[in-house]
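Encoded as structure tokens, the structure appears first; notes follow it.
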Amino acid sequence: MAGECELTVARERLSEAASIAVLTGAGISAESGIPTFRGAGGLWKNYRPEDLATPEAFARDSRTVWEWYLWRRSLIDASGPNAGHRALVTMEQQHARFTLITQNLDGLHDRAGSRRILKVHGDIWQSRCVACSYQRKDRALEYPELPPPCPECGEPLRPGVVWFGEALPRIVWAEAERAVSQADVLLVVGTSAQVYPAACLIGMARFVIEVNVEATPVSSRVAIALQGPSGEILPALV
Ligand code: BJW
Ligand code: ZN
């Protein structure tokens, strides 16, 4: 667990910062009962990413891919934000220049009350057509048929998320890069920093504080690495 001294330095640095960016990953939702991807109990222990999180997997077997996302929607629906998500809401209220960038699809930052969220890997509560420009907010936990058909053109709808090999949403990504390069501090929470280009944001920042239960590939390079669960560390920082 992070020491009191490191926590104090991190708290001071954050309170003095005129501008803060935060990058979150699956670890911030772990204490809400949402499985992470990598590490103990991670989704990729039981599923192969290339079978579920690629456009090729969807083209091959859209039914299985949809079943996996509907299962994850039901887990998320039954959970809720934790103390880590809520601490970031407080941090946003305390700082006029604050940008929350998340790799998470789960919508728990929205449910906690964060106002401005850049979702670089999309949103599990969105669906869009593979063929036309149709998209919608989608709270469904099941559909009469899989894949659900587009109401405009009849082609399959897909989850509104970013799979491996796909480009990140262009404007959202540009805003994330700008926020990180202009921020006095980047707080990196609960990400293994192994997925690109999101992990590149860490290298663009002036001063990085990391919060994670484990060491990551960036831990030795950041200014302050706080080891421990985000549901305990983040409330101690605000
Ligand atoms: C806690 C905790 C607690 C636990 N408290 N902490 C450069 C080099 C190598 C490869 C590439 C590269 N550039 C691109 C690539 C390829 C690829 C990639 O990155 N591959 C690597 C894996 C090798 N990237 C892509 O394909 C990206 N697209 C792209 O580059 O497109 C190029 C292009 C340009 C123009 C046109 C066309 C194409 C897209 C990446 C999309 C990633 N999508 C996923 C799935 C989304 C859908 C879904 O969820 O189903 O996003 S993958 C998955 O990983 C998900 C996550 O957002 C992402 C990051 O994972 P995250 O959040 O870090 O979670 P974990 O599980 O890895 O880590 C959890 C952490 O929490 C751990 O560290 C724990 O210790 C910690 N933790 N409990 C605090 N209580
Ligand atoms: Zn359509």
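Every number for a ligand or one of its atoms is a count from 1 in the order of the listing.
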task = For the residue pair H85 and H109, categorise the inter-ring angle as parallel (less than 30°), tilted (30 to 60°) or perpendicular (more than 60°).
result = perpendicular

query = Relative to ligand 1, is R72 under 4.0 angstrom through side chain, backbone, both or neither, heavy atoms considered?
reply = side chain

query = Any N/O of W163 closer than 3.5 Å to an N/O of ligand 1?
reply = no

query = Do any N/O atoms on T191 end up under 3.5 angstrom from N/O atoms on ligand 1?
reply = yes

ask   = Just distances here: any N/O of G190 and N/O of ligand 1 closer than 3.5 Å?
value = yes

Polar contact flag for V211 and ligand 1 (N/O pairs, less than 3.5 Å) = no

request  = Output, in order, the C-alpha distance, side-chain angles, deciding distance and verdict of side chain to side chain donor-acceptor pair (under 3.5 Å) for Q103 and T24.
outcome  = CA-CA 6 Å; Q103 298 169 82; T24 64; over 6 Å; no

remark   = C153 SG to C129 SG via the Zn ion (ligand 2), rounded to 10°, gives 100°

query = Does a side chain donor of either D106 or S29 reach within less than 3.5 Å of an acceptor in the other side chain?
reply = yes

key: Side chain, backbone, both or neither: N212 near ligand 1, heavy atoms under 4.0 Å   = both

request  = Give a yes/no on ligand 1: does G165 have at least one heavy atom closer than 4.0 angstrom to it?
outcome  = yes

remark   = So for W68 against ligand 1, with non-hydrogen atoms under 4.0 Å, the contacting part is side chain

inquiry  = To 10 degrees, how wide is the angle SG (C150) to the Zn ion (ligand 2) to SG (C132)?
reply    = 110°

ask   = How close does the nearest protein non-hydrogen atom get to atom 22 (C) of ligand 1, and which residue and atom is it?
value = Q194 O, 3.6 Å

Lys/Arg N to Asp/Glu carboxylate O, E177 vs R170, below 4.0 Å = no

message = To check your reading of the model: name the closest protein heavy atom to atom 27 (C) of ligand 1, its residue, and the distance in Å.
response = Y196 O, 3.2 Å

request  = Find out whether V22 and V189 are in side-chain contact, i.e. whether some heavy atom of one side chain is under 4.5 Å from a heavy atom of the other.
outcome  = yes

Atom 41 (C) of ligand 1: any protein heavy atom closer than 4.0 Å = yes

key: Taking atom 20 (N) of ligand 1 as the reference point, the nearest protein heavy atom with its distance   = F164 CE2, 3.9 Å

task = Look at atom 56 (C) of ligand 1 and say which protein heavy atom is nearest, naming residue and atom and giving the distance to 0.1 Å.
result = F37 CE1, 3.6 Å

key: Cation-pi check, R158 onto W163 ring (under 6.0 Å, within 45° of axis)   = yes

task = Would you check the N or O atoms of E166, main chain and side chain alike, for any that come under 3.5 Å of an N or O of ligand 1?
result = yes

ask   = Do ligand 1 and P229 have nitrogen or oxygen atoms that lie under 3.5 Å from each other?
value = no

message = Treating D61 as the side-chain partner and T64 as the backbone partner, does any N or O pair qualify as donor plus acceptor under 3.5 Å?
response = yes

inquiry  = Test of understanding: given a 4.0 Å heavy-atom threshold, classify the contact between Q103 and ligand 1 as side chain, backbone, both, or neither.
reply    = both

ask   = At under 4.0 Å between heavy atoms, which part of A30 makes contact with ligand 1: side chain, backbone, both or neither?
value = side chain

query = Does R48 make a cation-pi contact with W44 (under 6.0 Å, within 45 degrees of the axis)?
reply = no

query = Which one holds for R38 and ligand 1: side chain close, backbone close, both close, or neither close, with close meaning a heavy atom under 4.0 Å?
reply = both

query = To which protein heavy atom is atom 35 (C) of ligand 1 closest, and what is the distance rounded to 0.1 Å?
reply = A167 CB, 3.7 Å

query = Does a sphere of radius 6.0 Å around CZ in R221 hold more than 12 heavy atoms from other residues, nucleotides or ligands, not counting ones at 6.0 Å or beyond?
reply = no

Residue and atom name of the nearest protein heavy atom (relative to atom 64 (O) of ligand 1), distance in Å to one decimal = A26 CB, 3.5 Å

inquiry  = Would N104 count as a polar contact of ligand 1, with the cut-off being nitrogen or oxygen pairs under 3.5 Å?
reply    = no

